[in-house]
2 protein chains.
Amino acid sequence: MSAEAKSPPDAKPRRTQAERSQETRNKVCEATLQALVEVGYEQISTTLIAQKAKVSRGALTHQFPTRNDMLVAAFEKQVSEWRDGYPFKLDPEKEQLSVDELIDALWENIFSDDRYIAAIELMLAARQDNDLGHVLRDILVSWIRKRDRIAVRLVGGDVDDAEADLKVQLHLSVLRGIAMHQSFDSDPLTAHKLIDLWKRIARQA
Amino acid sequence: MSAEAKSPPDAKPRRTQAERSQETRNKVCEATLQALVEVGYEQISTTLIAQKAKVSRGALTHQFPTRNDMLVAAFEKQVSEWRDGYPFKLDPEKEQLSVDELIDALWENIFSDDRYIAAIELMLAARQDNDLGHVLRDILVSWIRKRDRIAVRLVGGDVDDAEADLKVQLHLSVLRGIAMHQSFDSDPLTAHKLIDLWKRIARQA
DNA sequence: GCAAAAACAGGTAGATCAGTCTGTAACTTT
DNA sequence: AAAGTTACAGACTGATCTACCTGTTTTTGC
């Protein structure tokens with residue numbers, strides 16, 4: 001009779017409140033990003049996400065009072081993962097990158113990701129001047145600015161060199177365009193062929 | 001008293017049924033495309049579109065039984081306009097185009113259009129395997145295949161030349177990426193700078 | 001002109017969803 | 001260990017949207 005209180009072998013690991021919060025927040029964000037990839041922005045509802053995350057709707061609304069709060073948190077999580085993945089996953093001793101290496105790094109860390117398309121879908125849905133749009137833009141710009149500066153430096157340009165910056169923007173645009181192509185075209189080989197062709201052309205310039 | 005039936009000076013031009021249908025269909029499609037640009041896919045409802053098109057909801061549902069029918073028709077209209085605009089607006093006597101001319105033609109006729117982004121938003125919303133997705137894809141592929149073949153020919157390649165086709169795909173990807181960039185970046189000059197840079201690089205290759 | 005058909009007008013029903021609210025369980029502080 | 005705080009659970013509500021349905025007007029075939 002007294003055995004139940006102390007140490008039931010199955011449940012109750014006794015997490016702190018912070019841990020509990022963080023866990024449901026993570027589950028919700030992860031489910032949101034998955035759902036963005038799998039069913040698309042239009043289909044996302046708080047009910048669906050709660051189910052996918054295996055979290056009660058009450059827990060979800062407690063952590064994210066509004067639907068936008070949920071979307072913003074998910075977006076923020078994804079951006080921070082990209083931020084951590086690039087360029088810090090690169091060999092940190094490399095101060096300089098060949099064009100090929102830069103393209104590969106950007107493609108593998110960011111643009112080839114299914115979730116890049118999901119993020120684009122979110123950004124497009126928020127492209128008008130609504131609340132969501134402004135917040136997402138703010139989250140993006142801080143990352144993008146940093147990402148682009150690092151890319152400029154890695155490719156050997158001066159940070160204030162407008163020409164080098166433009167070149168980096170072109171790199172990013174090319175990869176963005178190829179990523180979009182990939183999301184519509186089922187053939188995954190085409191993307192790699194296009195990247196190879198771009199590498200060849202970029203090397204000359 | 002008998003004057004009213006014959007020729008009231010203001011109204012009733014007596015259109016045919018086909019004309020009446022076509023007019024409301026056009027008004028609805030146009031309003032849908034406008035709304036896609038102005039408020040985005042998420043906000044689109046049949047009620048909103050009926051208001052914007054200045055058409056009763058009954059007329060709308062008569063012409064387009066389902067919301068998807070409406071979206072598909074709008075998409076189809078836009079694609080057919082692109083189809084008519086490119087490359088037939090070009091000087092039809094030109095059998096060959098310089099790289100610069102090809103880039104300009106594609107950019108001005110398709111990618112610089114606000115509605116290109118709207119179409120992308122639609123395609124992304126339909127990218128999963130739902131009904132809308134399949135229909136939109138079918139509409140696209142017939143146009144794209146034609147568009148790309150013409151581009152290959154204009155740039156002097158053989159239609160069956162895989163290398164030439166890949167080059168065209170890269171052109172399209174670059175412009176697609178720049179168009180996406182433009183939809184997020186408020187500065188319209190950047191897009192033109194990127195296109196100029198791309199022209200310079202493409203000319204060499 | 002008149003009957004049939006097509007286009008139009010607008011109301012209703014059922015479903016869904018975001019936000020709110022009330023009650024319960026887990027954790028923390030003292 | 002009692003009181004207080006935070007996290008969770010799920011019901012409820014008002015708004016909204018799509019599809020359907022019933023009348024009305026306009027056009028068409030004869």
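What you see below is based on every heavy atom in this structure, not just the backbone, and it leaves out hydrogens, waters and symmetry mates. Each chain gets a letter, A, B and so on, in the order its sequence line appears, and its residues count up from 1.
As a whole-Å value, the separation of Ile49(A) CD1 from dC17(C) P is 11 Å. If you take CZ of Arg25(B) and P of dC8(C), they are 10 Å apart, rounded to a whole angstrom. When the P atom of dA18(C) is taken as reference, atom CG of Leu132(A) falls 13 Å away, rounded to whole Å. One can place CG of Asp131(A) at 15 Å from C1' of dA18(C), the figure rounded to the nearest angstrom. Taking atom CD of residue Gln22(B) and atom C1' of nucleotide dC8(C), one finds them 16 Å apart after rounding to whole Å. Spacing between atom CZ of Arg14(A) and atom C1' of dA26(C) amounts to 8 Å, rounded to whole angstrom units.
In the helix from dG1(C)-dC30(D) to dT30(C)-dA1(D), the end axes, each obtained as the rotation axis mapping the C1' atoms of four pairs onto the next four within a five-pair block, lie 20° apart to the nearest 10 degrees.
Proximity of Leu166(A) to Leu194(B): side-chain heavy atoms (C-beta onward) are separated by under 4.5 Å at one or more points.
Ala35(A) and Ile49(A) make their closest contact through CB-CD1, 3.8 Å (heavy atoms, listed as atom of the first residue, atom of the second, distance).
Of the two residues contacting DNA chain D, namely Thr16(B) and Phe64(B), the nearest-nucleotide position lying further toward the 5' end is that of Phe64(B).
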**Item:** Under 4.0 Å protein heavy-atom contacts per nucleotide of nucleotides 5-18 of chain D, with B for base, S for backbone only and - for none
**Value:** -BBSBB------SB

**Request:** Please step through salt bridge (charged side-chain N to carboxylate O under 4.0 Å, His left out) for the pair Arg115(B) and Glu30(B), ending with a clear verdict.
**Result:** CA-CA 11 Å; Arg115(B) 295 189 177 182; Glu30(B) 203 51 35; 2.6 Å; yes

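Remark: Asp185(A) engages His181(A), Asp187(A), Thr190(A) in a side chain to side chain contact (heavy atoms under 4.5 Å, CB included) (not counting sequence neighbours).
Arg176(A) and Ser173(A) are linked by a side-chain donor-acceptor pair at a separation below 3.5 angstrom, with hydrogens and angles left out of the test.
Relative ring orientation between Trp143(A) and Trp82(A) is described as parallel, the plane-to-plane angle staying below 30° on a 0-90° scale split at 30° and 60°.
Cation-pi geometry between Arg67(B) and Tyr41(B) is met: under 6.0 angstrom from the ring centre, within 45 degrees of the axis.
Proximity of a side-chain donor or acceptor of Ser112(B) to a complementary backbone N or O of Trp107(B) within less than 3.5 Å is detected.
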